[in-house]
Amino acid sequence: MSYTVFAKAGDTIIENLTDFELSRIFDCGQCFRFARSCENQWTGAAFSRKLTALQTGDRLILKDTSLADFYDIWEGFFDLKCDYSLIREAISTDETINEAIKKGYGIRILNQDTWECLISFIISQNNNIPRIKKIIEALCERYGEDMGGIKAFPTPQALAAVCVEELHSLGTGYRDEYISLAARSVAEGRLDLNKLNAMETPEARSTLLSLKGIGGKVADCILLFGMGRKEVCPHDVWVKRIFAEKYGITAVTEKKGYELAKGKWGQYAGVAQQYLFYSERGFS
DNA sequence: AACCAGGGGCCGG
DNA sequence: CCGGCCCATGGT
């Protein structure tokens, strides 16, 4: 993984990328704030920055982005320092996963903001991706700071100040209370996200589970997508289906699924999950 | 230990 | 047009 980076006319350009397909990265259900704005071009926001990214082959253009922002924000966000060829090799244990890897080549696990992930995946429970996006956009539009054409994800303080009824009116449904409680918990310092990030995965997971509206599945999504824990394998319905159909687990319990994922893919079980999720859902 | 509610978009029949 | 299904969880 040796890409080259340079600035040109206010943009940052990255060349010689491998294991990088923008459309798969943004269309595999890990991130809800980026939308296709043109052929091969995606626009969205993360870490209170706007980003328009355009990929042609192994070349990526980050529009109106300084080198400083690339190294501070986007290099980490896109997980560019991680060599996915090593991961693919490590998780290549059987024909099912190999096929999924082939279909999902170029997927990367984004390193997203923990707070944004916390709220986004509370919203994701028992929900579909178009509606999840719609709710998150409504939250950003109303309570996020303007960044010139796009709003940042609202701060914990901003969401904590909103009453439950108003959150409900944005279409959050019964998740209104969960969002409100989580926001107040972070805003008031009872849940310290820096401390959470410093914890070992089991302790971090049980801390997340102590929040109302966060169960095993949502906690695992936050750990994987918002806390960089690639060993965590979220146990969603699609993966359960694959475990049942391809790996012969009858009555797929959470416990059995974790054992399978840990045994087969170890420290990269979460990455394997994304390939499987992507291929089974049949995006693209 | 099984249900069941809670919202709404989407999709197949 | 409608019923089942969603990257589930809490409550009973």
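First the proteins, then the strands, lettered A, B, ... as listed; each starts at 1. Values reported hereafter were calculated over all heavy atoms of this structure, with side chains retained and with hydrogens, waters and symmetry mates removed.
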When rounded to whole Å, the CZ to P distance for the pair A:R175 and B:dG6 reads 13 Å
(request) Please determine, by modelled atom types, if A:Y247 and A:D94 share a side-chain donor-acceptor pair under 3.5 angstrom. (result) yes
note: A:I129, atom CD1; B:dC11, atom P; distance rounded to Å ~ 12 Å
Taken to the nearest whole Å, OH/A:Y174 to C1'/C:dG10 is 10 Å
Heavy-atom nearest nucleotide on DNA chain C taken for A:G213 and for A:I132; more 5' hit belongs to A:I132
| message | When the C1' atoms of B:dG6 and C:dT12 are compared, how many Å lie between them, rounded to an integer? | response | 15 Å
Here the distance between atom C1' of C:dC7 and atom CG of A:L276, to the nearest Å, is 14 Å
Side-chain atoms of residues 115-122 of chain A: list all donor-acceptor pairs with protein atoms under 3.5 Å, sequence neighbours left out, distances to 0.1 Å.
residue, atom, partner, partner atom, Å
A:W115, NE1, A:P154, O, 2.8
A:S120, OG, A:E116, O, 2.7

- When all nucleic acid strands are considered with a 4.0 Å heavy-atom cut-off, which category describes A:G171: base, sugar-phosphate, or nothing? nothing
Ranking B:dG9, C:dC7, C:dG10 by distance to the side chain of A:N128, first place goes to B:dG9
Here the distance between atom P of C:dC6 and atom CZ of A:F277, to the nearest Å, is 11 Å
Assert: residue with more 5' nearest nucleotide on DNA chain B, out of A:P130 and A:N126, is A:N126
> Which part of the nucleic acid, if any, lies within reach of A:L170 when heavy atoms closer than 4.0 Å are counted: base, sugar-phosphate only, or nothing?
Replying inline: nothing
Here the distance between atom C1' of C:dC7 and atom CG of A:L224, to the nearest Å, is 11 Å
Separation of B:dG6 atom P from A:I179 atom CD1, nearest Å, is 17 Å
Please determine if a side-chain N or O atom of A:R241 lies less than 4.0 Å away from the OP1 or OP2 oxygen of C:dC5.
no
- prompt: Does the distance from a Lys or Arg side-chain N to an Asp or Glu carboxylate O, for A:D220 and A:R205, drop under 4.0 Å?
  reply: yes
**Message:** Say we look at B:dC4 and C:dC5: how far apart would their P atoms be, to the nearest angstrom?
**Reply:** 14 Å
* Whether over 12 other heavy atoms sit under 6.0 Å from A:K246 NZ -> no
Checking B:dG9, B:dG8, C:dT9 against the side chain of A:N127 (C-beta onward), the nearest is B:dG8
C:dC7 -> Watson-Crick or G-U wobble partner, both distances under 3.5 Å, gives none
Rounded to whole Å, the CD1-P distance (A:I119 to C:dT9) equals 15 Å
By nearest-nucleotide position on DNA chain C, the 5'-leaning member of A:P234 and A:K212 is A:P234
Please work out whether the ring planes of A:F26 and A:F78 are parallel, tilted or perpendicular, with thresholds of 30° and 60°.
perpendicular
(request) Determine the Euclidean distance between corresponding P atoms of C:dC7 and B:dA2; express it in Å to zero decimal places. (result) 26 Å
